[in-house]
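Throughout, protein chains are lettered first and strands after them, A, B, ... in sequence-line order, and every chain is numbered starting at 1.
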2 protein chains.
Amino acid sequence: MTNTTLKLLAQQLQLSISTVSRALKDHPDISASTKAKVNALAQSMDYEPNAYAIQLRTQNSKILGVIVPAISNLFYDSFIAAIEEESRKNGYALMILQSSHNPENELNNLKIFRQNRVSGVFACLSSSAENIEVYQKMNDRDIPVVFFDIVPKDNKFTKVRMADERCAIMAAENIIKRNAKKVLAIFGDENLSITQKRKAAFQKFMQDFAPKIHCSYTNAASTKEAEEVMKKNTHKTQKIDTVFCMTDEILIGVMRTIQELELKIPTDIGVISISNGFIPNLYYPRISYVETSGHELGKLAFVQMMANMKGGKTLTELTVEAKFIAGGSM
Amino acid sequence: MTNTTLKLLAQQLQLSISTVSRALKDHPDISASTKAKVNALAQSMDYEPNAYAIQLRTQNSKILGVIVPAISNLFYDSFIAAIEEESRKNGYALMILQSSHNPENELNNLKIFRQNRVSGVFACLSSSAENIEVYQKMNDRDIPVVFFDIVPKDNKFTKVRMADERCAIMAAENIIKRNAKKVLAIFGDENLSITQKRKAAFQKFMQDFAPKIHCSYTNAASTKEAEEVMKKNTHKTQKIDTVFCMTDEILIGVMRTIQELELKIPTDIGVISISNGFIPNLYYPRISYVETSGHELGKLAFVQMMANMKGGKTLTELTVEAKFIAGGSM
DNA sequence: AAAATTATCGCAAACGTTTGTTATTCAAAT
DNA sequence: ATTTGAATAACAAACGTTTGCGATAATTTT
């Protein structure tokens, strides 16, 4: 069965294509009676306009591209859900591609976006490798690029991200409040700038405001590493009383060790993490965390995209504020 | 900056559009020397073909639609990741829309798919409400529909899903192996056919093969409900020694209660669930589970889609087999 | 009653491709 | 020297829309 087209409708109604087209968009030139006829037939033949023909004619695709390292990710999927919702409300569809942390895939995805003449792209850089020139070219072609989460250092782009330093500091504040004596702070992949920022902010804050608290700093790039780091540090003579986890992956490893060693939270040990909230709520007591909401970030990214598409370039770096969510783990 | 087109290339090279087009696709009619020139210029002006013009001409969009209830979902996101990967390998792009369990959104998404002339759609029904006619129409228009996970009863469609009954039976088998005396079996939303199937299979198997085991059956539509159900049942005089969780949501609730009451796994109580594996591995000891892999299902769905697009209609219902993954919880 | 306005609609070009057909050139075969 | 046949490239139509402009008929104004 072939698709219904304007031409088909026009033939059936003995009208011209242009009249049918205008009737369907409620153009004032067309009489009410013809509009009624046209709409009726369009309905019954369930006509749907061909988006490809429209974009070819209007040069406006109403499609936004999204590049994430991985869709299966607690943070990114809520980000995607948020922009999907906003996009739909505003008449845009989403084309979602994942880079799998692979710059080659990232490039390939960008190519697909260009072939599909997306009106804009949300991009999260695939780890450290920064091939910025391609994005620069998109901007030059008036395709706004909004970076999120993992953003380039370059300030020629629009960027939205969590207030990374504030997150770390907020965690530190609560550790100090708890009257911790000996803290283990586990950070993520040390190649990521986000890790470096958070670590630096955390360290500085602790030194400035609670120099007598003994802190050991480590990195763990995976759940497994976190599990092992935790195990090592609880076997030492002087037991740690509080552990800070920079990511969900780390928290999971830490919690596995805590459960294995049957440590009581929060009496034996306090736990605090940075998370979007899903993982911390899996345990009893619920883990206290500083919230980084992918959902909020998504909404912010979308308004930035719209702003970029309407007005001139607004090259700014926006951050969404962090919130401390108290569980029973501190 | 305007996009590079065939016309532009043709003008620069003093060639016709058709020659440029053929040169770029390595058509035998074109001489090697012109091909070289064309490719060089196309490269330097970084020409990317306009996907919209191509689809308009060829009537083949190379885009597949996906409808899921929610992207942020442990199961669906791995499904999406799988078909995304397969699609990319086969030159397809994905258009992902979420229904948010809302039939109205589902309809709207279908409309967007039709406007974009997707070559096929993967669909997961939004809960119980089944508005099948729309899908029937798509099939009539030679747009293959592959249902996954939550599928219609109708057998006029191609469907892929987990082997639901086998999952439940496999769990039952392992419960019997454990020598359980008193079992609490918690199932999901009782309106879903998937729940009914699993429950029936589980019950029948237990009665047939281990009638002396005392089983209580309940439903819990959310994590909270599961938490409460679990709490109630552990306070009874005759303690349960094994709990079965049909979904991740239920497992999370159950585990929260277990941690709160400080029950030891697997000595005080055994736990088994049906899951894709992420949640069960968050705990120590790791929870034993019957695996329902969104990833496997995605790959299966994709080959079904390809089969439908090539040959004639292959209206079958395929299932991916379940696997028991032993943790330390039984 | 002629002129001016308004209401309604059709014509045709354009968006960027692909592809069947035709035209040109040039060398090989008769 | 003419015919044949490759090799190479141009022409033109079509895909389904949108939209400026022109055309016709109906209505109003003078």
Side-chain angles (χ1 to χ4, degrees), chain A residues 1-39 41-42 45-63 91 112 114-119 141-142, chain B residues 1-39 41-42 45-63 91 112 114-119 141-142:
Chain A
M1 186 165 136
T2 172
N3 270 315
T4 308
T5 67
L6 287 185
K7 186 198 270 187
L8 221 67
L9 294 177
Q11 285 173 345
Q12 297 263 333
L13 292 165
Q14 294 282 63
L15 285 172
S16 76
I17 294 179
S18 47
T19 301
V20 175
S21 172
R22 289 191 170 100
L24 288 171
K25 343 187 75 64
D26 205 23
H27 191 283
D29 267 13
I30 310 298
S31 73
S33 67
T34 26
K35 277 180 191 169
K37 282 184 223 155
V38 171
N39 280 313
L41 186 64
M45 296 183 66
D46 47 30
Y47 168 76
E48 287 294 345
N50 184 322
Y52 292 85
I54 293 177
Q55 116 80 218
L56 189 58
R57 172 61 223 237
T58 62
Q59 307 283 64
N60 181 7
S61 75
K62 285 282 181 183
I63 289 192
I112 294 178
R114 288 197 42 211
Q115 292 179 349
N116 283 82
R117 303 295 191 265
V118 294
S119 309
R141 278 197 184 66
D142 289 322
Chain B
M1 188 163 134
T2 172
N3 270 315
T4 308
T5 68
L6 287 185
K7 187 198 268 188
L8 221 66
L9 294 177
Q11 285 174 344
Q12 297 262 334
L13 293 164
Q14 294 282 64
L15 286 171
S16 77
I17 294 179
S18 48
T19 301
V20 175
S21 172
R22 288 192 168 99
L24 288 172
K25 343 187 76 62
D26 205 23
H27 191 284
D29 266 14
I30 309 299
S31 72
S33 67
T34 26
K35 276 180 191 168
K37 280 185 224 154
V38 171
N39 280 312
L41 186 64
M45 295 182 68
D46 47 30
Y47 168 76
E48 287 294 344
N50 184 323
Y52 291 86
I54 292 177
Q55 117 80 218
L56 187 59
R57 171 63 222 237
T58 62
Q59 306 284 66
N60 181 6
S61 75
K62 287 283 181 180
I63 289 191
I112 293 179
R114 288 197 43 213
Q115 293 179 349
N116 284 82
R117 301 297 190 264
V118 294
S119 310
R141 280 197 181 68
D142 290 321

Is the shortest side-chain heavy-atom distance between [X] and [Y] below 4.5 Å?
{"X": "B:Gln55", "Y": "A:Asn50", "value": "yes"}
{"X": "B:Ile54", "Y": "A:Tyr52", "value": "no"}
{"X": "A:Asn116", "Y": "B:Ile63", "value": "yes"}
{"X": "A:His27", "Y": "A:Lys35", "value": "no"}

Within the structure shown, what part of the strands sits under 4.0 Å from [X] by heavy-atom distance: base, sugar-phosphate, or nothing?
{"X": "B:Ser31", "result": "sugar-phosphate"}
{"X": "A:Asn50", "result": "sugar-phosphate"}
{"X": "B:Gln115", "result": "nothing"}
{"X": "A:Thr5", "result": "sugar-phosphate"}

Think [X] has a side-chain N or O under 4.0 angstrom from the OP1 or OP2 of [N]?
{"X": "A:Ser16", "N": "C:dG10", "result": "yes"}
{"X": "B:Gln55", "N": "D:dG16", "result": "no"}
{"X": "B:Lys7", "N": "C:dC15", "result": "yes"}

Would you indicate which nucleotide in [options] comes nearest to any side-chain atom of [X]?
{"X": "A:Leu56", "options": "D:dT17, C:dG10, C:dG16", "result": "C:dG16"}
{"X": "A:Leu15", "options": "D:dG16, C:dC9, C:dT17", "result": "C:dC9"}
{"X": "B:Arg22", "options": "C:dG10, D:dA10, C:dT17", "result": "D:dA10"}
{"X": "B:Asp29", "options": "D:dT8, D:dA10, D:dG20", "result": "D:dT8"}
{"X": "A:Thr34", "options": "C:dC9, D:dC15, D:dC21", "result": "C:dC9"}

Margin query: Quiz question: going by heavy-atom distance under 3.5 Å, is there a donor-acceptor pair between the base of C:dG16 and the side chain of A:Arg117?
Written below: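 Looking at the base of C:dG16, it does not pair with any donor or acceptor on the side chain of A:Arg117 (distance under 3.5 Å).
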Check: Does any donor-acceptor pair link the side chain of A:Ser18 with the base of C:dC11 at a separation under 3.5 Å?
Finding: yes
Next item on the list: Check the pair A:Val20, A:Leu41 against side chain to side chain contact (heavy atoms under 4.5 Å, CB included), reporting the backbone distance first and the verdict last.
Entry: CA-CA 10 Å; A:Val20 175; A:Leu41 186 64; over 6 Å; no
Nearest-Å distance for atom pair [atom1]/[atom2], residues [X] and [N]:
{"X": "A:Lys25", "N": "D:dG16", "atom1": "NZ", "atom2": "P", "result": "16 Å"}
{"X": "A:Ile30", "N": "C:dT6", "atom1": "CD1", "atom2": "C1'", "result": "14 Å"}
{"X": "B:Glu48", "N": "C:dC15", "atom1": "CD", "atom2": "P", "result": "20 Å"}
{"X": "A:Gln59", "N": "D:dT19", "atom1": "CD", "atom2": "P", "result": "12 Å"}
{"X": "A:Leu8", "N": "D:dA14", "atom1": "CG", "atom2": "C1'", "result": "16 Å"}
{"X": "A:Tyr52", "N": "D:dA14", "atom1": "OH", "atom2": "C1'", "result": "18 Å"}
{"X": "B:Lys37", "N": "D:dT8", "atom1": "NZ", "atom2": "P", "result": "12 Å"}
{"X": "A:Leu9", "N": "C:dC9", "atom1": "CG", "atom2": "C1'", "result": "16 Å"}

Could you tabulate the donor-acceptor pairs under 3.5 Å formed by side-chain atoms of residues 10-18 of chain A, not counting sequence neighbours?
residue: A:Ser16; atom: OG; partner: A:Ser18; partner atom: OG; Å: 3.1
residue: A:Ser16; atom: OG; partner: A:Thr19; partner atom: N; Å: 3.2
residue: A:Ser16; atom: OG; partner: A:Thr19; partner atom: OG1; Å: 2.9

Next item on the list: Specify the residue among A:Ile17 and B:Val20 whose closest nucleotide of DNA chain D lies further upstream toward the 5′ end.
Entry: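 Its nearest nucleotide lies further toward 5', so the answer is B:Val20.
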